[in-house]
Amino acid sequence: MKTRTKVLLAFGAYFGVVILLGIIFGSSGKNNEFQPQNEFKLDAWVPIHMGPIDLSINKAVLYLALASAATIGVMVWISRRMQAKPNKVQMAMETAYDLTRNQIAGQNLEGKYALKWFPFCATLFFFIWFSNLLGYIPLPTNTQETVDIFGLAVPTFAIYAATANISVPLMLTLIVWISYNLEGVREHGFFGYLRTWLPPGLEDMNPIGKAAIFLIEAISHFVRLISLSVRLFANILAGHLLILFMAGGLVVLLGLAALGAITTTIMAIPFYLFEVGLVATLQAFIFATLTAIYLGGSVAAEH
């Protein structure tokens with residue numbers, strides 16, 4: 001029997017046992033306790049309103065500030081400690097630098113454009129990477145559930161990522177979208193840039209056909225606003241919900257108490273390691289790579 005089949009059978013048997021325990025010892029299916037969506041509610045910690053504009057400080061703002069501070073702090077700290085014989089930290093950062101310089105920017109942008117846009121792509125990669133990683137570190141940010149300590153209602157520990165809020169990936173996507181379109185206009189001129197949206201080989205096509213293809217290309221550029229932002233948002237949100245569900249939600253839903261808590265928590269650990277070790281880095285890499293591809297396409301002579 002193949003290893004993959006054995007693993008699938010083991011997972012199937014595991015979930016079968018958990019469900020069986022739930023049927024035998026569990027609750028009647030009613031759930032008034034496990035509300036994972038509450039982990040993503042943004043309660044205003046410091047309300048700030050300027051007319052219709054809400055500038056309140058909440059945990060999303062905190063995580064954005066932490067991700068920004070981590071990005072700037074780590075880069076500055078490493079740059080001031082560079083040495084001829086690198087240590088493990090420096091080697092790791094040099095590997096990350098090579099990834100962003102040669103793989104992300106170098107392979108998708110040519111010559112002066114790779115040099116020009118490398119800092120932008122690298123900043124996006126590291127900011128999203130740190131934001132994703134911080135999202136898996138439990139912090140006392142859950143104001144939905146508090147603990148009374150000497151009369152103070154202290155928020156309980158929870159995991160949350162700014163990139164699990166659609167507004168953050170969407171804003172990053174808008175910056176990328178505006179940047180690559182402006183770069184295309186700067187390189188080709190406004191109408192020249194629009195002409196590059198048409199693929200080569202259409203010289204003999206009638207005007208209606210060309211207009212239809214141009215319309216499809218225009219739609220594809222606007223769809224990038226959705227695909228680039230939702231890809232990052234959905235992957236990080238799904239990962240957090242999966243961890244919350246396996247680490248405690250399944251216990252509450254099935255009413256398994258202590259025995260179920262131990263069982264599902266053990267199962268949650270591989271999912272947690274998978275999200276931290278792969279998904280957090282992969283999503284940052286994909287976002288930065290697509291950014292470089294869009295920038296490279298905007299300055300190319302033709303698609």
Reported CD1-to-OG1 distance for the pair I236 and T163, which is rounded to 0.5 angstrom: 4.5 Å
Atom pair CD1 (I243) and CD1 (I159), whose distance is rounded to the nearest 0.5 Å: 4.5 Å
Separation of F233 CZ from I166 CD1 (nearest 0.5 Å): 5.0 Å
N181 (side chain) donor-acceptor with G184 (main chain) under 3.5 angstrom: no
Donor-acceptor pair, side chain of T289 and main chain of I286, under 3.5 angstrom: no
Shortest non-hydrogen contact from A161 toward S131: CB-O, 4.2 Å
Polar side chain donor-acceptor pair, W45 to S56, under 3.5 angstrom: no
Straight-line distance of D98 CG to Q103 CD, nearest 0.5 Å: 6.5 Å
CG-CG distance between L124 and L290, expressed to the nearest 0.5 angstrom: 11.5 Å
Over all atoms of both residues, closest heavy-atom pair of C121 and L295: SG-CD1, 4.2 Å
Parallel, tilted or perpendicular: rings of Y180 and Y294 (30°, 60°): tilted
Flag for E187-Y113: side-chain donor and acceptor within less than 3.5 Å: yes
Taking every non-hydrogen atom, the tightest pair across F120 and S179: CZ-OG, 4.1 Å
Same cluster (ILVMFWY, side-chain, under 4.5 Å), F191 and L198: yes
Single-linkage hydrophobic cluster L241~F157, side-chain heavy atoms < 4.5 angstrom: no
Flag if over 12 foreign heavy atoms under 6.0 Å of CE, M205: yes
Heavy-atom neighbours of E110 CD exceed 12 at 6.0 Å: no
Between F222 and W177, ring centroids under 6.0 Å: yes
Side chain proximity check, Y63 to T141, heavy atoms < 4.5 angstrom: yes
Minimum-distance pair of heavy atoms, taken over all atoms of N58 and A44: CB-CA, 4.5 Å
Joint cluster assignment, I293 & I178, ILVMFWY side-chain distance < 4.5 Å: yes
Nearest atoms (heavy-atom pairs only) where K59 meets Y160: CE-CD1, 3.8 Å
Non-hydrogen atoms of E275 and N235 that approach each other most closely: OE1-O, 4.3 Å
Same apolar cluster: F127 and V76, side chain cutoff 4.5 Å: no
Backbone N/O of I104 and side chain of N108: donor-acceptor pair under 3.5 Å: yes
Y97 ring center within less than 6.0 Å of F125 ring center: no
Audit row: L232, V168, side-chain contact (heavy atoms from CB on, under 4.5 Å) steps and yes/no: CA-CA 10 Å; L232 174 60; V168 175; over 6 Å; no
CD1 (I208) with more than 12 external heavy atoms under 6.0 Å: no
Reference residue W117; test side-chain contact (heavy atoms from CB on, under 4.5 Å); the match among L109, V299, T291: L109
L228 side, atom CG; L225 side, atom CG - distance, nearest 0.5 Å: 8.5 Å
Same apolar cluster (I L V M F W Y, side chains within < 4.5 Å links), V154/L139: no
Side-chain donor/acceptor of H240 to backbone N/O of G135, under 3.5 Å: yes
